[in-house]
Amino acid sequence: MDIAITLTAAPESKDLLLGLSAQLQRDLNGDLEFDWLSEGEALDLILTLAPDEKVSAAELKKTVADAIGDAPVDFCVQPAHGRRKRMLIADMDSTIIGQECLDEMADFAGLKPQIAALTERAMRGELDFADALRERIALLLGMPKTELSRVLAERITLNRGAQALVETMNAHRGHTVLVSGGFTYFTRAVGGMAGFAKNRANQFLWEDGRLAGVAEPILGREAKLAALNEEAAANGLSPEDVIAVGDGANDLSMLKAAGLGVAYCAKPVVAAEADAQVLHTELTTLLFYQGYKRAEFVTSIT
């Protein structure tokens, strides 16, 4: 059985990555084949285990984590076979984009500290997601719909690597889905910016052009899992064929169900349970984790 250990760091980190590969060669007491996915930025190490060799994934991850220590390196440990996934499902707020849309709406209304505190607690799993969403919307009742276009135009930006991640998956015949506990007003726009084929989210309710509530039922943690299963099945795929990425507690079910669940700059409860993390690098690291080389990346950014 071949195990892929992928190390990623900022560009021009060749010496750091080669030093880590030498350390892992010693720590794992075996021959590691290595291949640059992007020289000085992403390195694949392939460990071949004998049929009767028993090494748990947890043990391997700990060995790699111990070798990395405090170095600014992200890593993934997984079976080499089947790691190139056929579907991407991604959270939106603080994952594909760098903001929390409701927090930015709140800023326009002069309520950002109160609403951002609720958002943070919900993403850490300290509050029920649906209840926290209703409470945040209640504080924003009466906000003019026209303000949303300002929020989108003035505040919302894609995180680094988001467009290349999505467009590369699309170009290699992967199905791409943006799923959010936020709202379709934003997922439709962000999905178009990044190139997602599908998007799912909650719906605002409006009366006379002003915010009147949120439509029920609320899309939360279990609805994200349902989205993964439904979109995969509709495309003839299994959850094992999916790579999922998110940052908050309401992403955990879909991250744990996916063949590879990645925590992106995530809350501690999420990082502890995900298969891998992206903390120091950008979203294209999800492509490196699947074995893509930099030369295979596709993006319309000029």
Side-chain angles (χ1 to χ4, degrees), residues 1-6 8 35-38 41-44 46 74 76-92 95-97 158-180 184 187-201 223-246 251 253-264 274-278 281-302:
M1 178 181 181
D2 288 343
I3 301 296
I5 302 169
T6 307
T8 65
D35 181 28
W36 286 113
L37 300 173
S38 177
E41 178 185 21
L43 182 62
D44 243 4
I46 305 299
D74 292 321
C76 181
V77 178
Q78 62 184 317
H81 177 73
R83 65 174 168 149
R84 186 165 290 200
K85 304 304 183 186
R86 297 172 60 195
M87 175 175 148
L88 165 70
I89 187 166
D91 170 53
M92 181 177 71
T95 300
I96 293 299
I97 61 174
L158 295 177
N159 274 326
R160 290 185 304 125
Q163 190 170 359
L165 166 63
V166 178
E167 292 188 357
T168 300
M169 293 289 292
N170 287 334
H172 289 85
R173 303 180 67 182
H175 183 52
T176 53
V177 183
L178 183 65
V179 59
S180 175
T184 54
T187 59
R188 284 194 296 265
V190 170
M193 290 162 59
F196 282 93
K198 298 282 290 291
N199 71 88
R200 295 191 183 198
K224 288 190 173 188
L225 173 61
L228 183 156
N229 289 327
E230 290 165 11
E231 293 289 343
N235 287 274
L237 306 175
S238 74
E240 189 61 32
D241 298 315
V242 179
I243 182 170
V245 61
D251 298 314
S253 292
M254 76 172 185
L255 294 183
K256 292 170 76 171
L260 183 64
V262 182
Y264 176 80
D275 298 315
Q277 287 194 68
V278 174
T281 55
E282 62 181 57
L283 283 164
T284 49
T285 291
L286 273 70
L287 295 172
F288 291 136
Y289 286 171
Q290 295 178 76
Y292 284 95
K293 292 181 179 288
R294 171 69 69 176
E296 297 178 274
F297 289 9
V298 175
T299 179
S300 60
I301 296 174
T302 56

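Just the heavy atoms: all of them, side chains too, but no hydrogens, waters or symmetry mates, feed the values below.
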For [Y], is there any backbone N or O sitting under 3.5 Å from a side-chain donor or acceptor partner on [X]?
| X | Y | answer |
| --- | --- | --- |
| Thr168 | Leu165 | no |
| Asp241 | Ser238 | yes |
| Asp74 | Thr285 | no |
| Thr176 | Ala197 | yes |
| Lys293 | Trp36 | yes |

Which heavy atom of [X] sits nearest a heavy atom of [Y], and at what distance?
| X | Y | answer |
| --- | --- | --- |
| Pro239 | Asn229 | CG-OD1, 3.6 Å |
| Asn159 | Ile97 | ND2-O, 3.0 Å |
| Gly291 | Asp44 | CA-OD2, 4.5 Å |
| Gly191 | Leu178 | N-CD2, 3.8 Å |
| Val242 | Lys85 | C-CG, 3.9 Å |
| Asn170 | Gly195 | ND2-O, 2.7 Å |

Out of curiosity, [X] [atom1] to [Y] [atom2], how far, rounded to the nearest 0.5 Å?
| X | Y | atom1 | atom2 | result |
| --- | --- | --- | --- | --- |
| His172 | Arg84 | NE2 | CZ | 5.5 Å |
| Leu255 | Asp275 | CG | CG | 8.0 Å |
| Leu158 | Met193 | CG | CE | 4.0 Å |
| Arg86 | His175 | CZ | NE2 | 11.5 Å |
| Ser180 | Asp91 | OG | CG | 6.0 Å |

I'd like to check [X] versus [Y] (side-chain heavy atoms, cut-off strictly below 4.5 Å). Are they in contact?
| X | Y | answer |
| --- | --- | --- |
| Thr187 | Arg200 | no |
| Gln78 | Leu260 | yes |
| Met169 | Ile243 | yes |
| Tyr292 | Leu286 | no |
| Ile89 | Glu231 | no |
| Ile46 | Asp35 | no |

#### Entry: Met92 and its side chain to side chain contact (heavy atoms under 4.5 Å, CB included) partner, picked from Val179, Val190, Asn199
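Running side chain to side chain contact (heavy atoms under 4.5 Å, CB included) over Val179, Val190, Asn199 with Met92 returns exactly one hit, Val190.
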### Query
Does Glu41 have any side-chain contact (heavy atoms from CB on, under 4.5 Å) partners at least two apart in sequence or in another chain, and if so, which?
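With sequence neighbours excluded, Glu41 shows a side-chain contact (heavy atoms from CB on, under 4.5 Å) to Pro11, Ser38, Phe288, Arg294, given in chain and number order.
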#### Entry: Test: Arg83 cationic atom under 6.0 Å from Tyr289 six-membered ring centre, within 45° of axis
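Arg83 over Tyr289 ring: no.
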### Task
Output, in order, the C-alpha distance, side-chain angles, deciding distance and verdict of side-chain hydrogen bond (donor to acceptor under 3.5 Å, both in side chains) for Thr284 and Glu282.
CA-CA 6 Å; Thr284 49; Glu282 62 181 57; 3.1 Å; yes
### Message
Taking the basic N atoms (NZ, or NE/NH1/NH2) and the acidic carboxylate oxygens, is any pair closer than 4.0 Å for Glu230 and Lys198?
### Response
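Salt bridge flag = no for Lys198 with Glu230.
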